[in-house]
Student: 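Okay, handing you the structure first.
The residues of the chain are indexed from 1 along the displayed sequence. Remember, it's a predicted structure, so these values are computed and weren't measured experimentally. All values below come from the heavy atoms of this structure, side chains included, with hydrogens, waters and symmetry mates left out.
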Amino acid sequence: MAVTGKIIILFSIFFSCYYWGNAQIDTAYIQPYEQKLSVQVYVARDLLLLNQNIDADTEKSFVPNNPPNVGLGISVRNTIINFQYGYGFDFMRNKKQGKTKSFDLQLHNYGQKFVFDVFFQKYKGFYNDEPELELYPDLKVQLIGANAQYVFNNKKFSYKAAFNQSARQIKSAGSWLAGVGISFAKIESDSSFIFKNEHLFNNFQFGISGGYAYTHSFNRHWFISGSATVGINFGSEKFSTLFKQKLEVYPTVFPRLAAGYNRDSWSLGLSFLCNVVFPSMSDSEGLMLVSGTGSITFTKRFNW
């Protein structure tokens, strides 16, 4: 049975992240909402894509056939306590592209000083439709990772305003970012996937990153926001051999985009983020994993 729904109850995590990442803000740039209770209705699509460079001229993409999630969320006191539930209906998938069994748990916590991202994704069943449709029902991809970023200009720039819409960025502002990350990837199949003459591949890596984020406010209602970090990771095939052999060097890229419309009691927002890691890079063969999520969210705020 496909695990297409997800339940995220983040009481202790949001309490610690909120108080650790909270900061004084410049109210000439960031305006908090007076309402303490909000309800969100959203449509989201989770991502875990595998790209394989077989040689210098041949590239293959493995895409999951998981349906979008339709869900409901409740936030109390600007996400100190947050509950979300989403479910992917089977009729929303293209049945010709096979069936994907998936478990996708993602946490994206936007504090004023710190941003935390956690990925726990397990997918089985992929397809490739170039030049013609091919199914890979036995292909399994697992990605576990965590990233943390520090926002330097946290008094004037708000990630929460762009991606949670729990505040309003009333003047345009940006910030430099610095962060750390860690990830573990596992790719395996019975027969359909082959990499370096093997049907199983593992990779563990960790590293640092830096980048920039900027939100442009057209007026008190419209905004568009974008950020990107680029990093360098170090790692090896297994954690047990991490410091017993020469470390490999890998690049990482983490872009985010958001846009929306805000009123005093409601908001409409679009957001997209993807974490790009390279479990293997060489002149002959390479692997790239793209994970993340995209969503359209309507938020209604209430006084209580």
Side-chain angles (χ1 to χ4, degrees), residues 4-15 17-19 21-23 25 27-47 67-89 91-92 104-112 115-118 157-173 213 215-227 256-273 292-304:
T4 53
K6 61 181 180 179
I7 301 177
I8 308 173
I9 307 177
L10 303 168
F11 293 100
S12 60
I13 295 176
F14 272 110
F15 270 115
C17 290
Y18 179 83
Y19 286 110
N22 199 17
I25 60 174
T27 54
Y29 284 82
I30 304 169
Q31 182 184 69
Y33 288 106
E34 296 180 357
Q35 300 92 339
K36 301 303 181 183
L37 174 67
S38 64
V39 176
Q40 302 92 30
V41 179
Y42 65 88
V43 178
R45 179 70 182 270
D46 298 323
L47 304 173
N69 294 318
V70 180
L72 181 70
I74 299 174
S75 297
V76 180
R77 293 188 180 275
N78 293 330
T79 70
I80 295 180
I81 301 173
N82 179 279
F83 172 84
Q84 287 186 335
Y85 174 78
Y87 186 81
F89 293 95
F91 71 87
M92 300 174 73
D104 196 313
L105 179 64
Q106 298 183 39
L107 162 67
H108 307 288
N109 183 76
Y110 298 98
Q112 197 60 37
V115 176
F116 299 93
D117 300 282
V118 178
F157 172 79
S158 174
Y159 256 125
K160 293 196 297 183
F163 288 88
N164 282 348
Q165 291 180 276
S166 56
R168 182 182 294 178
Q169 186 85 47
I170 55 179
K171 283 187 179 181
S172 301
T215 296
H216 181 77
S217 299
F218 296 97
N219 50 45
R220 292 179 61 85
H221 302 299
W222 293 95
F223 74 90
I224 186 169
S225 182
S227 74
R256 306 176 200 253
L257 294 171
Y261 180 81
N262 290 313
R263 303 294 295 187
D264 291 337
S265 63
W266 62 272
S267 299
L268 180 64
L270 295 84
S271 66
F272 175 78
L273 63 89
T293 187
S295 64
I296 302 173
T297 304
F298 175 79
T299 302
K300 176 64 178 175
R301 288 176 285 273
F302 299 92
N303 288 311
W304 65 344

Student: Taking all non-hydrogen atoms of both residues, which atom of Ser271 and which atom of Phe163 are closest, and how far apart?
Tutor: CB-CD2, 3.9 Å
Student: Ignoring hydrogens and geometry beyond distance, is a side-chain donor-acceptor pair present between Gln40 and Ser75 at under 3.5 Å?
Tutor: yes
Student: With rounding to the nearest 0.5 Å, note down the distance linking CG in Asp117 to CG in Leu107.
Tutor: 7.5 Å
Student: Looking at the rings of Trp266 and Tyr261, which for Trp means the six-membered one, are their centres under 6.0 Å apart?
Tutor: yes
Student: Quick one: CG on Asp264 to CD on Glu34, what's the gap to the nearest 0.5 Å?
Tutor: 8.0 Å
Student: Taking all non-hydrogen atoms of both residues, which atom of Ile170 and which atom of Thr27 are closest, and how far apart?
Tutor: CD1-O, 3.6 Å
Student: Search all heavy atoms of Ala258 against all heavy atoms of Ala162 and return the closest pair with its distance.
Tutor: CB-O, 3.5 Å
Student: Got Leu37 and Ile74 here, is their nearest side-chain heavy-atom distance under 4.5 Å?
Tutor: yes
Student: Mind checking the OG-CZ spacing from Ser267 to Arg301? Nearest 0.5 Å is all I need.
Tutor: 3.5 Å
Student: Once you round to the nearest 0.5 Å, how far does OG of Ser172 lie from CZ of Phe223?
Tutor: 11.5 Å
Student: Is Tyr33 close to Asn262 at the side-chain level, that is, under 4.5 Å between some pair of heavy atoms?
Tutor: yes
Student: To check you understand the geometry: which heavy-atom pair defines the closest contact between Asp46 and Thr293, and what is its length?
Tutor: OD1-OG1, 3.1 Å
Student: Compute both the distance and the angle, then confirm whether Arg256 meets the cation-pi test with Tyr159: under 6.0 Å from the six-membered ring centre, within 45 degrees of the axis.
Tutor: yes
Student: Could you pull out the closest heavy-atom pair between His221 and Asn219, with the gap in Å?
Tutor: N-OD1, 2.7 Å
Student: Can you list the residues that meet the side chain to side chain contact (heavy atoms under 4.5 Å, CB included) rule with Gln169, with sequence neighbours excluded?
Tutor: Tyr29, Ile30, Phe157, Ser158, Ala161, Ala173, Thr215, Ser217
Student: Looking at CZ of Arg263 and NZ of Lys300, how far apart are the two atoms once the value is rounded to the nearest 0.5 Å?
Tutor: 11.0 Å
Student: Is a donor on one side and an acceptor on the other found under 3.5 Å between the side chain of Gln165 and the backbone of Gly269?
Tutor: yes
